[in-house]
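Data first, discussion second: the structure below is written as structure tokens.
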Amino acid sequence: MTTSEQSSRLLQSILDLLIPPIENLAGAGGLNLEDELHRMSTEHSKYTGVIDRSIDAITRLLGSSGLNSQVTSEVIQQFESSDPRLFELLLEIVYTAYYSDTRVHERIGWKSGALQPDGHSMPPWDESVLDIVRKREPFWTRVD
Amino acid sequence: MSVNVREPVDVLVIGSGASGAAVTWSLSEAGFSVACLEQGPWVPPSSYPTSSADWQFLQQTKWHYSPNVRKLPADYPVNDDTSQIKVVMFNAVGGSTIHWTAHVPRFHPSDFRVKTLDGVAEDWPISYFDLEPYYDLNDEMMGCSGINGDPANPPRSPRQMPPIPIGPDGERVARAFDTLGWHWWPSDVHVNSTDYKGRKACNYCGPIGQNCDRGARASSDITYIPEAIKLGAEVRPNSTIFEITTGDDGRATGANYYNANGEQEFQPANAVVVGCNGIGTPRMLLHSTSNSHPQGLLNSSGLVGKNLMFHVYAGASGFFNDLDAPTYRGPLACIIMSQEFYETDPSRDFKRGYTFQMGRGQGPAPTATGGVSWGKNHHAEFAERFGKNLGLGVIGDDLPEEINRVEIDTKLTDRHGIPAPKIIYRVGDNSKRLLAHGVNSARTVLESAGASKIISSQLNTNTGWHLMGTARMGEDPARSVVNQYGQGHDADNVFIVDGSVFVTGAAVNPTPTIQALALRTADYIRHERSDLKS
């Protein structure tokens with residue numbers, strides 16, 4: 001197995017620990033989000049290097065066996081404690097990728113795609129909701 | 001280096017956001033020649049995140065509220081390492097109105113008299129009723145949805161459109177306020193509930209701060225600016241002013257700037273109107289040193305940059321198991337507000353008060369990144385919140401303190417090498433007590449509404465979108481930077497029209513007050529300063 005394949009496998013393990021499988025849907029690792037994470041990392045400087053630096057940091061925490069080791073929740077927690085800013089960015093990019101995925105949308109009942117032009121519908125404005133508060137006397141402070 | 005000199009104009013307006021756009025329109029209407037220079041570009045409505053399937057990613061990156069994250073070419077960095085509240089803004093034609101939520105409550109009459117009434121800060125040199133006609137004019141230009149009769153505020157002129165429907169979730173929270181005997185009212189918003197002036201009605205897609213190509217949410221690039229251009233104003237995007245120039249008499253002569261190609265140009269003008277808001281304006285004034293203004297333009301009092309106010313924010317969110325519809329349907333924060341605790345009450349341990357602004361749930365990624373934990377509890381926590389959360393934001397009056405300030409950073413610069421602003425700010429003791437009261441009250445409301453679980457924060461930190469107080473108005477030149485018309489005490493042809501001139505911040509979103517002040521300044525120039533017209 002090449003280093004790249006090992007890194008990829010480690011990333012999948014990390015992703016599955018962050019967002020585990022549920023019902024009939026794979027976890028974030030099993031959804032093959034790597035390409036999407038790569039796109040996000042390269043499209044904006046905010047996320048540049050976040051994935052690689054996170055893998056490096058976790059690999060260091062895994063010790064001498066490095067990429068061959070099994071990552072655990074405890075290791076992720078150590079990473080979170082040791083570099084909270086990087087971990088926050090990792091979590092943000094992973095959550096954004098996962099919750100932008102159409103398979104996830106289907107499971108949670110969210111309509112994929114742009115918000116416009118469809119928007120949402122709402123019941124019309126009904127003035128009777130004000131019946132109680134309208135009975136209150138004005139209470140703003142008068143000044144000269 | 002040769003510098004291109006542009007044709008002189010009567011009035012140079014710096015910034016095309018909420019205030020600069022309003023002044024540009026008003027002065028153009030009165031026949032002044034006006035050039036409005038804006039450091040940002042035109043933003044085509046088709047590029048707004050809501051038109052993209054990738055909107056959640058865009059919201060986190062190039063449409064982020066913070067210029068330090070966004071890092072677009074028009075953005076300047078802000079060193080807010082020494083500020084408890086982080087700065088947000090947008091730089092484009094339309095300024096931060098490109099990115100606002102368009103919630104437009106007005107100041108109360110008492111906000112202008114806090115020294116007299118409560119013994120804190122300073123009184124304003126004007127009253128609510130001096131501003132009232134300009135609030136009304138601004139509502140007509142921007143288009144206001146709302147309804148008269150709010151007992152927490154003075155009577156008002158009819159709004160242009162009925163309120164945005166508050167929805168079953170809004171009604172749920174409204175009923176809780178009713179049960180407690182506490183005030184609430186449908187929010188006044190610059191969002192169309194019906195078609196208005198060629199712009200379509202809102203279709204309730206949700207994240208209103210991300211804008212839409214329907215034009216349903218007003219922003220100055222689609223309200224004031226097109227009207228100003230029709231009247232002959234020139235709007236010049238991608239123009240980064242780095243210095244307002246002055247003559248031997250100390251009066252402004254124009255401004256030096258970098259054009260879209262990065263070349264230096266000079267725009268001569270009879271008067272300069274600054275509308276870069278509470279961070280950009282002091283940054284520019286402090287840069288603009290000269291023999292007449294060695295401490296920076298209009299800074300003989302030493303108060304330019306001082307008294308920075310943000311509004312302090314906190315809030316509570318409730319999770320509901322029994323709502324009729326998901327809470328992500330409808331404008332995010334244009335629903336209802338409460339001013340039960342707005343005015344000073346001597347029985348409380350803080351002066352002044354706060355507004356509750358109700359908020360809805362958001363799409364899946366913002367819900368998850370809003371605090372859902374990772375690991376084995378992730379899905380349960382997400383399910384508890386998604387489409388089921390409603391919030392009450394506490395917007396607190398942030399009393400001015402001179403130690404809260406904007407300075408010029410000695411190292412950080414923008415892409416042109418212009419020094420960046422540095423923010424020094426800490427939340428005051430009065431604000432802490434106010435927020436604690438607000439959070440407890442918010443929890444009471446959500447409990448009364450039937451929330452199954454409530455979480456709260458004592459201070460929200462990424463909320464520095466209201467930038468106020470750094471060039472305040474007043475009658476005494478030793479204690480203020482501009483007079484009641486925004487006119488500089490130190491230079492009678494320099495006017496400031498943005499949130500910098502606020503004496504106090506009140507406890508409401510500031511944009512309609514900024515725009516009303518800008519229109520009042522423009523009216524003053526129209527009627528009292530015909531000498532500025534060539």
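Chain identifiers are assigned alphabetically (A, B, ...) following the order of the sequence lines, protein sequences preceding nucleic acid strands; residue numbering begins at 1 within each chain. Everything numeric here is computed off the predicted structure, so don't read it as measured data. Values below: every heavy atom of this structure, side chains too, minus hydrogens, waters and symmetry copies.
Of the inter-residue distances, the one linking A:K46 atom NZ with B:H64 atom NE2 reads 4.0 Å to the nearest 0.5 angstrom. In this structure, the separation between CD1 on A:I93 and CD on B:Q60 is 10.0 Å, given to the nearest 0.5 Å. The CH2 atom of A:W125 sits 11.0 Å away from atom CD1 of B:I164, with the distance rounded to the nearest 0.5 Å. Atoms CD and CG, on A:Q116 and B:N211 in that order, are 9.5 Å from each other to the nearest 0.5 Å. One distance of note links CD of A:E92 with CZ of B:F57; it measures 10.0 Å at 0.5 Å rounding. Atom OG1 of residue B:T61 and atom CE of residue A:M40 lie 8.5 Å apart, to the nearest 0.5 angstrom.
Heavy-atom distances place no part of B:N68 under 4.5 Å from chain A, backbone and side chain included. Contacts between B:D54 and chain A at a heavy-atom distance below 4.5 Å involve the side chain alone, from C-beta outward. Heavy-atom distances place both the backbone and the side chain of B:P154 under 4.5 Å from chain A. Interface remark: A:D118 contributes backbone atoms only to the contact with chain B (heavy atom separation under 4.5 Å). Residue B:R113 touches chain A through its side chain alone, counting heavy-atom pairs closer than 4.5 Å. With a 4.5 Å cut-off on non-hydrogen atoms, B:S373 touches chain A through its backbone but not through its side chain. Residue contact with chain B, scored on non-hydrogen atoms closer than 4.5 Å, involves the backbone of A:E137 exclusively. Only the side chain of B:E343 comes within less than 4.5 Å of a heavy atom in chain A; its backbone stays farther off. Only the side chain of B:W55 has a heavy atom closer than 4.5 Å to any heavy atom of chain A. Interface residue B:A368: backbone and side-chain heavy atoms are both found under 4.5 Å from chain A. For A:S45, the part lying near chain B is the side chain, with the backbone staying farther off; criterion is any non-hydrogen pair under 4.5 Å. Only the backbone of A:P124 comes within contact range of chain B, with at least one heavy atom under 4.5 Å from a heavy atom of that chain. Residue B:S127: no heavy atom, backbone or side chain, is found under 4.5 Å from chain A. Only the backbone of B:Q339 comes within contact range of chain A, with heavy atoms under 4.5 Å apart.
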Please report the C-alpha distance between A:L115 and B:Y204 in whole Å, then the side-chain angles of each, then the deciding distance to 0.1 Å, and finally whether the side chain to side chain contact (heavy atoms under 4.5 Å, CB included) criterion is met. CA-CA 9 Å; A:L115 296 166; B:Y204 317 126; over 6 Å; no
For side chain to side chain contact (heavy atoms under 4.5 Å, CB included), just list the numbers for B:I166 and A:M122, CA-CA rounded to whole Å, side-chain angles, deciding distance to a tenth of an Å, and then say yes or no. CA-CA 8 Å; B:I166 67 172; A:M122 287 183 77; over 6 Å; no
Worked verdict on B:I147 versus A:L130 for side chain to side chain contact (heavy atoms under 4.5 Å, CB included): CA-CA 10 Å; B:I147 189 166; A:L130 293 171; 4.0 Å; yes
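Annotation for B:P151 and A:W140: closest pair O-CD1, 3.6 Å, computed over non-hydrogen atoms. Nearest heavy-atom pair, A:T96 versus B:A365, reported as atom, atom and distance to 0.1 Å: CA-CB, 4.0 Å. Here the closest non-hydrogen pair linking B:H378 and A:L18 is CB-O, 4.1 Å. Shown here for A:P123 and B:P168, the closest heavy-atom pair between the two residues is CG-CD, 3.9 Å.
In terms of non-hydrogen atom pairs under 4.5 Å with chain A, the most contact-rich of B:A383, B:G330, B:P186, B:G363 is B:P186. For the set B:K376, B:H108, B:R175, the entry with the most heavy-atom pairs within less than 4.5 Å of chain A is B:R175. When each of A:H105, A:R136, A:E88, A:R142 is checked for heavy-atom pairs under 4.5 Å with chain B, A:R136 comes out on top. Chain B forms more heavy-atom pairs under 4.5 Å with one residue of A:L17, A:L91, A:I108, A:D126 than with any other, namely A:I108.
Within the 3.5 Å criterion, the main-chain N or O of B:R70 finds a donor-acceptor partner in the side chain of A:H44. Under the 3.5 Å distance criterion, the side-chain polar atoms of B:Q56 are matched with a main-chain donor or acceptor of A:Y99. The main-chain N or O of B:W374 is found under 3.5 Å from a side-chain atom of A:Y95 such that the two form a donor-acceptor pair. At least one donor-acceptor pair closer than 3.5 Å links the side chain of B:H379 to the backbone N or O of A:P20. Distance alone, capped at 3.5 Å, is enough to place a donor-acceptor pair between the B:N203 side chain and the A:P117 backbone.
Listed by sequence position, A:P21, A:I22 are the residues of residues 21-33 of chain A in contact with chain B, using a 4.5 angstrom heavy-atom cutoff.
Side-chain contact between B:T116 and A:V143: absent, with no pair of heavy atoms (C-beta onward) separated by less than 4.5 Å.
The number of heavy-atom neighbours closer than 6.0 Å to CG of A:D131, taken from other residues, nucleotides and ligands shown, is above 12.
In this pair, B:Y328 and A:W110 present their aromatic rings perpendicular. The plane angle is above 60°, beyond the 30 to 60° band.
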